[in-house]
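Down below is the structure, laid out as structure tokens.
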Amino acid sequence: QVQLVESGGGLVQAGGSLRLSCAASGRTFSSYVMGWFRQGPGKEREFVAGIISNDGWQGYADSVKGRFTISRDNAKNMVYLQMNRLKPEDTAVYYCAADRSRLSPATTQYWGPGTQVTVSS
């Protein structure tokens, strides 16, 4: 069982930065693929970024590539999402996610409650 809690959301102007954090419970944290999804107003939940290890696989949605960076600290059971050059279209509820094998909106095993990110123009 894994419990996830996000923090770090808020209101920021376009072009600004935010850093989201996700605290995970569980003694086998390092064995999980971790990631971030988001759901904007009237939209379906979509993949943002995923990570297996800091020096291994990391994946990003095309819409955030080059602006967002995902990282993890297995010693602290933490996952981070550094978001730079934010745009109004990044406005969404951001969810931390964990799964033993792969991340997808339909099959991911564990979800956090979400944190709101609002980017003003």
Side-chain angles (χ1 to χ4, degrees):
Q1 187 78 10
V2 176
Q3 292 184 322
L4 307 171
V5 179
E6 305 93 340
S7 61
L11 174 63
V12 64
Q13 288 188 330
S17 298
L18 280 176
R19 188 194 196 204
L20 303 184
S21 299
C22 173
S25 66
R27 291 176 288 180
T28 59
F29 171 78
S30 61
S31 67
Y32 284 84
V33 181
M34 300 298 299
W36 293 91
F37 288 74
R38 67 186 182 186
Q39 188 164 13
K43 298 181 180 180
E44 295 186 352
R45 191 171 297 191
E46 63 177 359
F47 171 79
V48 175
I51 185 169
I52 292 178
S53 65
N54 288 332
D55 56 359
W57 177 84
Q58 296 157 39
Y60 298 91
D62 287 343
S63 59
V64 307
K65 209 170 286 184
R67 299 188 299 122
F68 291 10
T69 302
I70 189 171
S71 61
R72 67 190 295 167
D73 186 336
N74 289 338
K76 296 181 179 179
N77 280 18
M78 296 291 294
V79 180
Y80 306 99
L81 186 68
Q82 178 66 43
M83 305 186 295
N84 298 328
R85 303 198 309 276
L86 281 161
K87 304 175 181 180
E89 50 264 44
D90 295 318
T91 294
V93 178
Y94 283 71
Y95 298 92
C96 182
D99 196 274
R100 287 225 182 253
S101 58
R102 62 186 298 268
L103 299 171
S104 79
T107 63
T108 293
Q109 192 171 9
Y110 300 106
W111 296 95
T115 186
Q116 177 70 46
V117 172
T118 303
V119 184
S120 63
S121 57

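The analysis underlying the following values was restricted to heavy atoms, covering all of them including side chains, and did not include hydrogens, waters or symmetry mates.
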Q) Can you tell me if Asn77 uses its side chain to pair, donor with acceptor, with the backbone of Gly26 under 3.5 Å? A) yes

Tyr95 and Gly112 have their tightest heavy-atom pair at CD2-O, 3.5 Å

Any side-chain heavy-atom pair of Glu89 and Val119 under 4.5 Å = no

Contacts satisfying salt bridge (charged side-chain N to carboxylate O under 4.0 Å, His left out) that involve residues 41-68 (not counting sequence neighbours) are Arg38-Glu46, Asp62-Lys65, Arg67-Asp90

request  = Examine Val33 and Trp36 and state if one hydrophobic cluster contains both, with Ile, Leu, Val, Met, Phe, Trp and Tyr joined whenever side-chain heavy atoms are less than 4.5 Å apart.
outcome  = no

Smallest heavy-atom separation, Val5 atom then Pro113 atom, equals CA-CD, 4.3 Å

| query | Just wondering, do Tyr60 and Ile70 contact through their side chains at under 4.5 Å, heavy atoms? | reply | yes

| query | Are Tyr94 and Val12 co-members of a hydrophobic cluster defined by side-chain heavy atoms under 4.5 Å apart? | reply | yes

Exercise. Any link between Tyr110 and Phe37 through a network of hydrophobic side chains (Ile, Leu, Val, Met, Phe, Trp, Tyr) touching at under 4.5 Å?
Worked result: no

Could you pull out all donor-acceptor pairs under 3.5 Å where a side-chain atom in residues 13-25 meets a protein atom, sequence neighbours excluded?
| residue | atom | partner | partner atom | Å |
| --- | --- | --- | --- | --- |
| Ser17 | OG | Asn84 | OD1 | 2.9 |
| Ser25 | OG | Gln3 | N | 2.9 |

Looking only at heavy atoms, the pair that brings Ala49 and Leu81 closest together is CB-CD1, 4.1 Å

>> For Val2 and Phe29: C-alpha separation, side-chain torsions, deciding distance, then whether side chain to side chain contact (heavy atoms under 4.5 Å, CB included) applies.
In response: CA-CA 8 Å; Val2 176; Phe29 171 78; 5.8 Å; no

For Leu4 and Ala98, the nearest pair of non-hydrogen atoms, with its separation, is CD1-N, 3.8 Å

Honestly curious: do Val93 and Val48 fall in one hydrophobic cluster under the side-chain, below-4.5 Å linking rule?
no

Between Met34 and Cys96 the two heavy atoms that sit nearest each other are CE-SG, 3.9 Å

In short, side chain to side chain donor-acceptor pair (under 3.5 Å) pairs touching residues 96-106 with sequence neighbours left out are Ser31-Arg100, Tyr32-Arg100, Asp99-Ser101, Ser104-Thr107

Value for CD (Glu6) from CD (Gln116), rounded to nearest 0.5 Å, stands at 12.0 Å

query = If you group Ile, Leu, Val, Met, Phe, Trp and Tyr by side-chain heavy-atom gaps below 4.5 Å, do Val64 and Ile52 land in one group?
reply = no

